[in-house]
Enquirer: 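I have a structure I would like to understand better, so I am pasting it below and will then ask my questions one at a time.
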Amino acid sequence: MSTKKDKFSKKDKTFMELALNLAKARHGLTGVNPSVGCVIVKNNEILSIGQTGFDGTPHAEFNAIKNSNENLEDAKMYVTLEPCSHYGKTPPCTNLIIKNKIKEVVYAVEDIDKKVKGKTLKILQSKDILVRKNLLKNEINKFYIPYFFNRKNNLPYVTGKIAISKNNLIYSKGTKRISDIHTDKFTHFLRYKNDALLISSKTLNKDNSKLNCRLEGLNKFSPQRIILDRNLETKKNSYIFKTANKNNTIIFYNNAKTKEKLMFKKKGIILIKGKLIKNSFDIKSILKKLHVLGCRNLLVEGGNDLSKHIVKKKLFNQFYLYKCAKTLSKLVNYKEFNFLNELKKNYKNEFKINKKLGKDLITLYK
């Protein structure tokens, strides 16, 4: 029987920490399903480990059981999230647990999914399997904040990012890059960890952005490109247009000629008509549409105006501000960063996350 007063040993905590690290390694890479980590142990020795598969299947429990070459009878399973107990794209993990005669299951937090929540406990206990909960609950609850947000709100978990110069400029004519190499790598890490990346056509046309992950070995995990382009003004010679296909590019537009639309569709680009509110895209409705299309973690690399608009609407779940060491000139065309007050007002928690890495300073607002 499981109770809130379950006492766990140091070994228990170590095994669950490993399960959490396995889940963290796949965060943002498991499609519409949460990333889960699983560790199977017998006589305090690890028999097998598993993670949720890329794009969400197979589940971590299935992979851990499949990865084992040992007899799992009387083994103990540690899993970060309540195992599923219903038929979906895969059979219930509870069936596998019962079939393999695992004697104890320890999971950290209950699934928020109504098809699962609380049902696993009853099913496993009916088969005389010991179930214990809440090990590392607080820490693992924090990890699942994006997943819980997705489930409760039917919206992607949205991360914003913008880089500004030492003298608070977004850009100055003739200067393309202001961040250092360490900051650039962090940006590519964020791209790797998000399903999709949203940008305005204005920023895209100015920078000829590639919007891909360029960390060595991880380029295949580049996010889907989402462009806000009201009148379909994305340049035809841009990298995004040239490399577009039906799987990697969506453009939200509002008004365009049939001829223009046909040109974009011929490239395989998905065109979605978005509604405007006071001459700006209705961002909330776009986020809802992206959730329907399977986006669960969205990175926004907008310019000053788009980012400020989303901050004011309180639609960012978190926001990274890069304060770069480079100073830009104000002698030519330039753009100033002007929404720090809104960030501080709307996001109460402020974390300096790289005090000793590189010359730039990254601050996270949540």
Side-chain angles (χ1 to χ4, degrees), residues 18-40 48-68 77-97 105 107-117 119-120 140-159 189-198 213 217-226 245-248 250 270 287-299 317:
L18 173 56
L20 175 57
N21 286 333
L22 290 166
K24 285 180 176 178
R26 286 280 165 90
H27 173 69
L29 306 174
T30 58
V32 299
N33 287 340
S35 179
V36 176
C38 180
V39 176
I40 300 177
S48 184
I49 61 174
Q51 301 161 281
T52 305
F54 294 113
D55 296 324
T57 57
H59 291 181
E61 300 92 325
F62 174 93
N63 284 330
I65 290 171
K66 182 183 176 183
N67 291 339
S68 175
M77 175 182 282
Y78 297 84
V79 61
T80 52
L81 189 66
E82 180 180 5
C84 73
S85 53
H86 68 287
Y87 283 88
K89 290 183 179 179
T90 60
C93 289
T94 48
N95 286 8
L96 277 174
I97 292 168
V105 174
Y107 60 86
V109 296
E110 283 190 342
D111 198 334
I112 195 172
D113 187 343
K114 292 179 181 178
K115 296 190 294 289
V116 180
K117 187 176 181 180
K119 296 177 182 178
T120 298
I140 293 178
N141 263 329
K142 289 178 183 177
F143 170 70
Y144 283 118
I145 285 173
Y147 169 62
F148 294 153
F149 179 83
N150 295 154
R151 283 286 182 183
K152 288 178 181 177
N153 300 283
N154 293 319
L155 293 169
Y157 188 85
V158 186
T159 298
F189 177 76
L190 290 178
R191 291 178 180 182
Y192 162 63
K193 284 295 185 182
N194 282 271
D195 310 320
L197 195 167
L198 184 146
C213 173
L218 299 178
N219 59 310
K220 68 178 181 179
F221 296 106
S222 291
Q224 189 176 35
R225 295 96 61 100
I226 314 297
N245 61 57
K246 64 180 181 180
N247 297 315
N248 70 3
I250 296 173
I270 296 173
L287 295 180
K288 287 180 178 179
K289 181 63 177 178
L290 289 175
H291 184 272
V292 169
L293 293 173
C295 177
R296 296 296 179 266
N297 296 281
L298 176 69
L299 177 64
N317 297 93

Enquirer: Are any side-chain N or O atoms of Asn150 and backbone N or O atoms of Leu155, one a donor and one an acceptor, separated by less than 3.5 Å?
Expert: yes
Enquirer: What's the spacing between Cys295 SG and Lys288 NZ if we round to 0.5 Å?
Expert: 15.5 Å
Enquirer: Identify, with sequence neighbours excluded, every residue that meets side-chain hydrogen bond (donor to acceptor under 3.5 Å, both in side chains) alongside Tyr147.
Expert: Asp111, Arg151
Enquirer: Got a sec, which residues hit ring-ring contact (aromatic ring centres under 6.0 Å, His included) with His27, two or more places apart in sequence or on another chain?
Expert: Phe143
Enquirer: Do any N or O atoms from the side chain of Thr80 and from the backbone of Gly37 form a donor-acceptor pair under 3.5 angstrom?
Expert: yes
Enquirer: Taking Ser68 for its side chain and Ser48 for its backbone only, find out whether a donor-acceptor pair lies under 3.5 Å.
Expert: no
Enquirer: Ile226 and side chain to side chain contact (heavy atoms under 4.5 Å, CB included): which single residue from Leu299, Asp195, Leu198, Leu197 fits?
Expert: Leu198
Enquirer: Restricting to ring-ring contact (aromatic ring centres under 6.0 Å, His included), what partner residues turn up for Phe189, sequence neighbours left out?
Expert: none
Enquirer: Sequence neighbours left out, what passes salt bridge (charged side-chain N to carboxylate O under 4.0 Å, His left out) with Arg296? Give chain and number order.
Expert: none
Enquirer: Roughly how far, to the nearest 0.5 Å, is CG of Asn63 from OG1 of Thr52?
Expert: 8.0 Å
Enquirer: I need the Phe148 CZ to Asn141 CG distance, nearest 0.5 Å.
Expert: 5.0 Å
Enquirer: Please lay out, stage by stage, how Val79 and Glu61 fare under the test side-chain contact (heavy atoms from CB on, under 4.5 Å).
Expert: CA-CA 8 Å; Val79 61; Glu61 300 92 325; 3.7 Å; yes
Enquirer: For Asp55 and Gly31, indicate whether the former's side chain and the latter's backbone hold a donor-acceptor pair under 3.5 Å.
Expert: no
Enquirer: List the steps and the verdict of side-chain contact (heavy atoms from CB on, under 4.5 Å) for Asn297 and Thr159.
Expert: CA-CA 8 Å; Asn297 296 281; Thr159 298; over 6 Å; no
Enquirer: How far apart are the closest heavy atoms of Ile140 and Ala108, and which atoms are they?
Expert: CD1-CB, 3.3 Å
Enquirer: Determine, step by step, whether Met77 and Ile65 satisfy the side-chain contact (heavy atoms from CB on, under 4.5 Å) criterion, reporting the C-alpha distance in whole Å, the side-chain angles of both residues, the deciding distance to 0.1 Å, and the verdict.
Expert: CA-CA 10 Å; Met77 175 182 282; Ile65 290 171; 4.1 Å; yes
Enquirer: Without swapping roles, check the side chain of Asn33 against the backbone of Gly56 for a donor-acceptor pair under 3.5 Å.
Expert: yes
Enquirer: Report yes if the side chains of His59 and Cys84 come closer than 4.5 Å at any heavy-atom pair, otherwise no.
Expert: yes
Enquirer: Checking Ile250 against Leu293 for the side-chain contact (heavy atoms from CB on, under 4.5 Å) test, could you report, in this order, the C-alpha distance in whole Å, the side-chain angles of both residues, the deciding distance, and whether it holds?
Expert: CA-CA 10 Å; Ile250 296 173; Leu293 293 173; 3.9 Å; yes
Enquirer: Can you see which heavy atom on Ser222 is nearest to which on Asn219, and at what distance?
Expert: OG-O, 2.8 Å
Enquirer: Looking at every heavy atom in both Ala60 and Val36, which two are closest together, and how far apart are they?
Expert: CB-O, 3.3 Å
Enquirer: Donor-acceptor pair, distance only, cut-off 3.5 Å: does the side chain of Asn317 make one with the backbone of Val158?
Expert: yes
Enquirer: In Å and rounded to the nearest 0.5 Å, what is the CD1 to CD distance from Ile270 to Gln224?
Expert: 6.5 Å
Enquirer: Using salt bridge (charged side-chain N to carboxylate O under 4.0 Å, His left out) as the criterion, list what pairs up with Lys66, not counting sequence neighbours.
Expert: none
Enquirer: Does the Ser35 side chain pair with the main chain of Ala23, one donor and one acceptor, at a distance under 3.5 Å?
Expert: yes
Enquirer: What distance do Leu81 atom CG and Cys38 atom SG have between them, rounded to the nearest 0.5 Å?
Expert: 11.5 Å
Enquirer: Got a second to check how far Ile49's CD1 is from Leu22's CG, nearest 0.5 Å?
Expert: 5.0 Å
Enquirer: For Phe221, enumerate each residue passing the ring-ring contact (aromatic ring centres under 6.0 Å, His included) test, keeping only those at least two apart in sequence or located in another chain.
Expert: Phe54, Tyr192
